[in-house]
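See below for the structure under consideration.
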Amino acid sequence: MRKNLLLAAATLLLATAPANAQTRTTLDIYVVDVEGGNATLLVTPSGESLLIDTGNTGPQASVRDASRIMEAAKDAGLTQIDHLITTHWHGDHYGGMEELAKRIPIKHFIDHGPNQQPAPGPDEFLAKVYPRLIASAKHTVAKPGDKIAMTGLDVQVVTSNGETIKAPLAGAGQPNPYCATFKPGDNNIEDPLSVGVHITFGKFRTMHLGDLTKNKEFELMCPNNRIGTLDVFLGLHHGVNTSSSEVMMHAVRPRVAIINNGTRKGGQPDVMKILLSSPDLENLWQIHFSLLGGQEYTVPGMFIANLTDEQPTAIPVAPIAAPAPGPNTPPPPAHNGPAFWIKVQAQQDGTFTVTNARNKFSKTYAAK
């Protein structure tokens with residue numbers, strides 16, 4: 001009788017589990033549209049989840065972005081977030097966390113440590129909100145070389161709090177020829193402190209470095225390439241021009257890159273030239289068309305996931321310069337309506353498929 005009861009209980013669990021959770025055999029990656037912020041959700045075949053960042057701060061933006069993350073979580077059949085990495089303490093990366101935590105349990109919070117770029121928003125969040133969120137969960141301050149335990153994945157921290165791994169990953173360590181022509185760039189305080197992770201699923205390799213800037217890319221990649229090569233490079237600091245130097249992009253030779261840009265954020269010509277000339281790049285996918293790139297420096301529309309609330313009668317050919325920040329800066333084209341993710345489904349043999357949820361365009365990249 002006990003055996004029959006156990007069998008009945010197991011059957012009930014299977015019957016009530018989401019269908020995609022029962023049948024998933026791939027590593028699924030959702031690059032969620034959070035309007036030029038970051039929210040990237042990874043779900044293993046066993047249903048374990050890793051969320052990297054939670055989108056934008058602000059009364060409306062945080063609710064919007066938490067809702068969009070929840071849509072991806074629902075599509076993946078999740079009932080909790082097992083691990084949340086906050087790459088750094090900028091409002092476009094931690095902003096939806098409090099709202100998201102109201103909607104789904106978060107079991108493990110990971111960050112680089114205290115905010116080092118004083119500002120009222122993150123300082124108040126870290127003093128009043130974050131301690132309450134992590135009080136009943138696990139909390140880890142990441143260090144390079146740390147592993148995040150997930151069944152079937154190898155998730156290794158490669159950057160955190162301004163430090164990088166010292167030893168190369170397996171199969172990496174070759175001299176990096178792009179170091180010789182590297183030119184340092186400008187950066188703020190928090191971006192270079194980003195928690196960056198390298199993820200291996202069988203023969204498939206991907207990486208997300210938060211908003212890591214050029215100077216830290218150089219530290220990680222020179223004189224020897226400590227990363228090796230990638231199948232998919234995620235995030236790319238929204239495609240802004242303080243990151244994505246040749247020393248990184250051309251050395252890791254991604255087959256696919258996905259930029260979490262906004263309607264007027266990222267995608268500047270100098271970045272796009274580097275991305276699109278990366279030696280093994282087959283396709284660049286974008287969350288948005290960016291005015292900063294114009295038609296001249298963008299990809300075909302089938303690779304762009306989102307439009308704007310009010311479509312212009314014409315799309316500018318030439319890129320525009322980013323306006324100076326300030327209270328009188330006009331807002332970028334708005335996109336608060338239906339949003340679409342870019343989804344990667346990777347197999348252990350290295351084959352992976354990328355899908356644009358807006359137009360259902362899908363492309364499969366055979367294992368190499």
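In this text the structure is predicted, and so the values were computed from the model without any measurement.
- Side-chain contact check for Pro175 versus Pro223: every heavy-atom pair is 4.5 Å or farther apart.
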Exercise for review: Kindly determine whether Val344 and Phe204 satisfy side chain to side chain contact (heavy atoms under 4.5 Å, CB included), including the steps that lead there.
Suggested key: CA-CA 11 Å; Val344 180; Phe204 174 81; 4.3 Å; yes
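- Thr353 and Gln345 are not linked by any side-chain donor-acceptor pair at a separation below 3.5 angstrom, with hydrogens and angles left out of the test.
- For the residue pair Asp211 / His90, no side-chain donor-acceptor distance below 3.5 Å is found, with atom types taken as modelled.
- A side-chain donor from one of Gln311 and Thr308 sits under 3.5 Å from a side-chain acceptor of the other.
- Between Thr140 and His108, the side chains place a donor N or O and an acceptor N or O closer than 3.5 Å (distance only, hydrogens not considered).
- The distance from atom CG of Asn115 to atom OH of Tyr94, rounded to the nearest 0.5 Å, is 8.0 Å.
- The salt bridge (Lys or Arg N to Asp or Glu O under 4.0 Å) check on Lys360 picks up nothing, with sequence neighbours excluded.
- Looking only at atom types and distance, the side chain of Thr355 has a donor-acceptor partner in the side chain of Ser362 under 3.5 Å away.
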Exercise for review: List the steps and the verdict of salt bridge (charged side-chain N to carboxylate O under 4.0 Å, His left out) for Lys102 and Glu99.
Suggested key: CA-CA 5 Å; Lys102 297 175 184 176; Glu99 182 65 28; 3.5 Å; yes
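- There is no side-chain donor-acceptor pair under 3.5 Å between Asn225 and Asn176.
- Between Lys216 and Glu219 there is a salt bridge, with a side-chain nitrogen of the basic residue lying less than 4.0 Å from a carboxylate oxygen of the acidic one.
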Exercise for review: Output, in order, the C-alpha distance, side-chain angles, deciding distance and verdict of side chain to side chain contact (heavy atoms under 4.5 Å, CB included) for Ile165 and Leu220.
Suggested key: CA-CA 7 Å; Ile165 55 171; Leu220 178 61; 3.8 Å; yes
Exercise for review: Tell me, with the steps shown, if His139 and Tyr130 meet ring pair (Phe, Tyr, Trp, His ring centres under 6.0 Å).
Suggested key: CA-CA 10 Å; His139 175 230; Tyr130 200 51; 5.7 Å; yes
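- Here the CZ atom belonging to Phe289 is positioned 6.0 Å from the CG atom belonging to Leu291, to the nearest 0.5 angstrom.
- In this structure, Gly301 and Asn359 approach most closely via the heavy-atom pair O-ND2, 4.0 Å.
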Review point. Between Asp33 and Arg68, does a side chain to side chain contact (heavy atoms under 4.5 Å, CB included) hold up when you go through it step by step?
Key: CA-CA 7 Å; Asp33 177 23; Arg68 292 178 178 180; 3.4 Å; yes
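- Within 6.0 Å of CG on Asp270 lie more than 12 heavy atoms contributed by other residues, nucleotides or ligands.
- When hydrophobic clusters are built by joining Ile, Leu, Val, Met, Phe, Trp and Tyr residues whose side-chain heavy atoms come closer than 4.5 Å, directly or via intermediates, Val34 is not grouped with Leu307.
- Annotation: side chain of Thr151 is not in contact with side chain of Thr44 (no heavy-atom distance under 4.5 Å).
- In this structure, Thr164 and Arg226 approach most closely via the heavy-atom pair OG1-NH1, 3.3 Å.
- The two residues Pro105 and Thr79 come nearest to each other via the heavy atoms CD-O, 3.4 Å.
- In this structure, a donor-acceptor pair under 3.5 Å is present between the side chains of Thr40 and Asn38.
- Between His93 and His88, the two ring planes are tilted [angle within 30° to 60°].
- Neither side chain, Asn260 nor Gln286, offers a donor N or O lying under 3.5 Å from an acceptor on the other.
- Ring pair Trp285/Phe303 is perpendicular by interplanar angle, where above 60° counts as perpendicular and below 30° as parallel.
- Within the 4.5 Å cutoff, the side chain of Asn283 has no heavy atoms near those of the Val354 side chain.
- Ion pairing between Arg132 and Glu98 holds under the 4.0 Å rule for side-chain N and carboxylate O.
- When all heavy atoms are compared, the tightest approach of Arg255 to Phe352 is NH1-CE2, 4.0 Å.
- Between the side chains of Asp349 and Thr351, at least one donor-acceptor pair of N or O atoms lies under 3.5 Å.
- Using a cutoff of 4.0 Å between basic side-chain nitrogens and carboxylate oxygens, Lys265 and Asp92 are scored as salt-bridged.
- At least one side-chain heavy atom of Phe182 sits under 4.5 Å from a side-chain heavy atom of Lys214.
- Judged by distance alone, the side chains of Arg358 and Asn306 never bring a donor and an acceptor atom under 3.5 Å apart.
- Side-chain contact check for Tyr297 versus Lys273: some heavy-atom pair is nearer than 4.5 Å.
- With hydrophobic clusters built from ILVMFWY side chains whose heavy atoms lie under 4.5 angstrom apart, Ile259 does not share a cluster with Phe340.
- By the 4.5 Å heavy-atom criterion applied to side chains, Asp146 and Ile148 are not counted as neighbours.
- Residue Lys128 qualifies as open at atom NZ: its count of foreign heavy atoms under 6.0 Å is 12 or below.
- The closest side-chain heavy-atom distance from Pro316 to Gln295 is not below 4.5 Å.
- In the model, Asn215 has no side-chain atom that pairs as donor or acceptor with a side-chain atom of Glu217 under 3.5 Å.
- In this structure the side chain of Leu234 never reaches within 4.5 angstrom of the side chain of Leu236, judged on heavy atoms.
- No continuous path of hydrophobic side-chain contacts links Ile29 to Leu78 [ILVMFWY only; heavy atoms under 4.5 Å].
- The minimum heavy-atom distance between Ala346 and Phe201, with the atom names listed, is O-CE2, 3.3 Å.
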Point to revise | Derivation of the side chain to side chain contact (heavy atoms under 4.5 Å, CB included) call for His83 and Lys107 | key: CA-CA 6 Å; His83 310 277; Lys107 297 298 185 180; over 6 Å; no
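- Shown here is Lys166, whose NZ atom has more than 12 heavy atoms of other residues, nucleotides or ligands within 6.0 Å.
- Ionic pairing of Lys74 and Glu71 is not present here: no N-O contact between side-chain nitrogen and carboxylate oxygen is shorter than 4.0 angstrom.
- For the pair Ile274 and Ser244, the tightest heavy-atom approach, listed with the atom from each and the gap, is CG2-O, 3.3 Å.
- Between Arg264 and Glu35, no side-chain nitrogen of the basic residue sits less than 4.0 Å from a carboxylate oxygen of the acidic one, so the salt-bridge criterion is not met.
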